[in-house]
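Before any comments, here is the structure.
Residue indices begin at 1 and follow the sequence shown. If you're wondering where the values come from, they're calculated on a predicted model, not measured in any experiment. Heavy-atom basis, side chains included; hydrogens, waters and symmetry copies ignored.
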Amino acid sequence: MKHWLNLSICSLLWLTAPVWAFNDDQTTSGMCSPAVRDVQGSVTINCQGLSDGATKTLNDLLNKVGEVKDLNNLVLEKMGKLDKLDKMERDLAANQGLASELVTLNQEKRKLEGDIKSLQSGIETAKLKAAEEWATKYHELEKRLAEEIGEELAEQAQQALEQGNLDKAGQLLDQLIIKREQQVEKAATAHYLRAKAFQLQYQPLQALPHLEKAYRYRPENTEYTHAYALLLAKQNRHTSAITVYEQNLLRLREQGDKASVAMTLNNLGALYQETLRFKEGEASYQKALTTFRDLAKANPQAYLSYVAGTLNNLGTLYQDMQQSQEGETSLKEALTLHQDLTKANPQTYLPGVATTLTNLGTLYAKTQQFQEGETSLKEALTIYRDLVKGNPQIYLPAMATTLNSLGLLYYARKDTQRFKEGEASYQEALSISRDLAKANPQAYLLKVAMTLNNLGNLYRETQRFKEGEASYQEALSISRDLAKTNPQVYLSDVAGTLNNLGILYTEMRRFKGGEASFQEALTLRRDLAKANPQVYRSDLANTLVTFALLCVKQDKKVEAHQYFNEAIPIYRELWKAYPELYADIFATSLSLNAHTLPPEEETRCALQTEALQVAHSLILKVAILNTDRCEWHNLMLK
């Protein structure tokens, strides 16, 4: 988990959507609250400061949100079944000889009533949180329109907004854009307002071009720049987001705004990390860290948390780079700072302690320091369980992440005695994510799919192949549905699950299924790597190698050799850039490729020789030495 810094307010924010609780005793300390249900259990949400027209529009929109609509349909369906059971109950009650059937029917009725109550609670909490977010955006747009003093179109748009007529407000803002197009400053404001109106209608893709216009007209406006770059990043348009931040960084340096420079460097570091530009990410984080340390000397209360957040980010970057010692050092310092800050203000800084403990535990798991990792993750989990009691909306997603990390640790141990605990951790994380996705599918369905993938891996490892296949297939179905509406964001997840499914089918010797899965994953990853090689070329190489291994199992060595030959240049390039990270996978691919060639083929020994020279792991070096009869004595082994 990384910190993203918001340039419009000086506080650390998580790049995750907020979450809410699922219970029957819903309370809120925010601006919105549920009204009494109608006879069918439907709930209306009222928010402070909203007119009757805006309230009506809000509730109309809430009822059209995909998952709320689905939940409503389920409630109606179950109510219909309950009516039928009521009629059957009356018929059975008249016949004393059917007492046992009446008991069974009553049990079924109670279950249905419980299902309906649970669904209604999910609808209520989903609507409540969505309403809080909507009302915040509404009031922001309302305030900005009120600032346009003397502008008739803005005043009319404000009136339409108050009446709840978002379409009319949008049309008036379109007219305002046309009117102001030659007045750059005012045009930028109009486009920014139009983007906000689209976001109120849950249309981020329509908001994007208007944020782009606002940014193009007034690139020096930090509010426009940050809103635009953040939305680009959320749409996986990392390269464009990086360009926006890099250009803004030059302006901020000229202005001498050290805090904003450091925040922008932190966000750039996160984007470089996402796009596997690790060296640039490290440089950005280090520069941000130096600036925050300087600022904290003069004002520790304001900036020490930024020092801790940047150290946390740097620690996760080193973890990705497999520089575990540097990662541990950064994360331990971040943890100490968070713990010190917690002494004075636990409510504010305790979540930072839990986040850093989770990252530290994940690092320990990857470096096979399992006892230390388990201790860190369990401590983080204890903190999150306490935080969830007071504010489940915020902390349930983070708790699910920690549970996933704990599951990964037990999986990495390859200890059959701990696989059950790993499965239990995954199942709890999955249950949380499913509940969250009922209320906000767009934000949390991917988390469901990711946890299902982790479960699938565990089931595959323990040869519970049917359960593994079911987990992968459900994850694949979710990712495909998400990719229909936003392929740029979710197609990589489709490809990843297909790759896992191909590996499972290979182990099950269901080679046709494996071929089909790998072929589709390969097609997707070729396209993704073509569009964004920096992010997806390593994934492409991975699928090429796993597909080659399936071909080897079928004794299709010619096809396997072709796939290895395509993967090896990719790994060679990655190895040159990041030798510690890619040495062993590059060496393994070279060695495996050698075995697709006849023993007398000269290229075979050349591949094994290069593999031996590249390999970082001593165990791998020994394995390569023992696999062929090449002339090794001329090699200088390091």
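With sequence neighbours excluded, the residues forming a side-chain contact (heavy atoms from CB on, under 4.5 Å) with Lys287 are Arg253, Leu265, listed by chain and number. In terms of the side-chain contact (heavy atoms from CB on, under 4.5 Å) criterion, residue partners of Thr243 (sequence neighbours excluded) are, by chain and number, Gln247. Taking the ring-ring contact (aromatic ring centres under 6.0 Å, His included) definition, one finds that Tyr349 meets it with nothing, sequence neighbours left out. Considering only residues two or more places apart in sequence or on other chains, Glu140 meets the salt bridge (Lys or Arg N to Asp or Glu O under 4.0 Å) condition with Lys196. Every residue two or more places apart in sequence or in another chain that forms a ring-ring contact (aromatic ring centres under 6.0 Å, His included) with Tyr563 is listed here: Phe547. Applying the salt bridge (Lys or Arg N to Asp or Glu O under 4.0 Å) rule to Glu573 yields the partners Arg537; only residues at least two apart in sequence or on another chain are considered. When the ring-ring contact (aromatic ring centres under 6.0 Å, His included) test is applied to Tyr472, no partner is found at least two apart in sequence or on another chain. Residues meeting the side-chain contact (heavy atoms from CB on, under 4.5 Å) test with Glu580, sequence neighbours left out: Gln323. With sequence neighbours left out, Glu212 forms a side-chain contact (heavy atoms from CB on, under 4.5 Å) with Arg216, Tyr228. Not counting sequence neighbours, Tyr571 has no partner by the ring-ring contact (aromatic ring centres under 6.0 Å, His included) test.
Using a distance-only test at 3.5 Å, with no hydrogens or angles considered, a donor-acceptor pair links the side chain of Arg251 to the main chain of Pro219. With Thr543 contributing its side chain and Leu540 its backbone, the two residues share no donor-acceptor pair below 3.5 Å.
Counted by atom type alone, His191 and Tyr224 present zero donor-acceptor pairs between their side chains at under 3.5 Å. Neither side chain, Gln319 nor Asn359, offers a donor N or O lying under 3.5 Å from an acceptor on the other. A donor and an acceptor atom, one from each side chain of Asn499 and Ser517, are nowhere located under 3.5 Å apart.
The aromatic rings of Tyr138 and Trp134 sit parallel, their planes meeting at an angle under 30°, below the 60° perpendicular limit.
You'll find the ring centres of Tyr582 and Trp575 outside the 6.0 Å limit.
Counted within 6.0 Å of CD on Gln301, heavy atoms from surrounding residues, nucleotides or ligands total 12 or fewer; the atom is thus considered open.
Listed by first and then second residue, the ring-ring contact (aromatic ring centres under 6.0 Å, His included) pairs that reach into residues 247-279 are Phe278-Tyr578, sequence neighbours excluded.
Partner of Glu566 under the salt bridge (Lys or Arg N to Asp or Glu O under 4.0 Å) criterion, chosen from Arg526, Arg572, Arg525: Arg526. Shown are Gln369, Glu372, Glu328; of these, the side-chain hydrogen bond (donor to acceptor under 3.5 Å, both in side chains) with Tyr364 is made only by Glu328.
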Side-chain donor-acceptor contacts of residues 476-484 below 3.5 Å, not counting sequence neighbours, with atom names and distances?
from	atom 1	to	atom 2	distance (Å)
Ser479	OG	Ala475	O	3.1
Arg480	NH1	Glu520	OE2	2.7
Arg480	NH2	Glu520	OE1	3.1
Arg480	NH2	Glu520	OE2	3.4
Asp481	OD1	Lys484	NZ	3.4

Any chance you could lay out the salt bridge (Lys or Arg N to Asp or Glu O under 4.0 Å) test for Glu282 and Arg277, step after step, and finish with the verdict? CA-CA 9 Å; Glu282 181 183 10; Arg277 295 163 62 177; over 6 Å; no

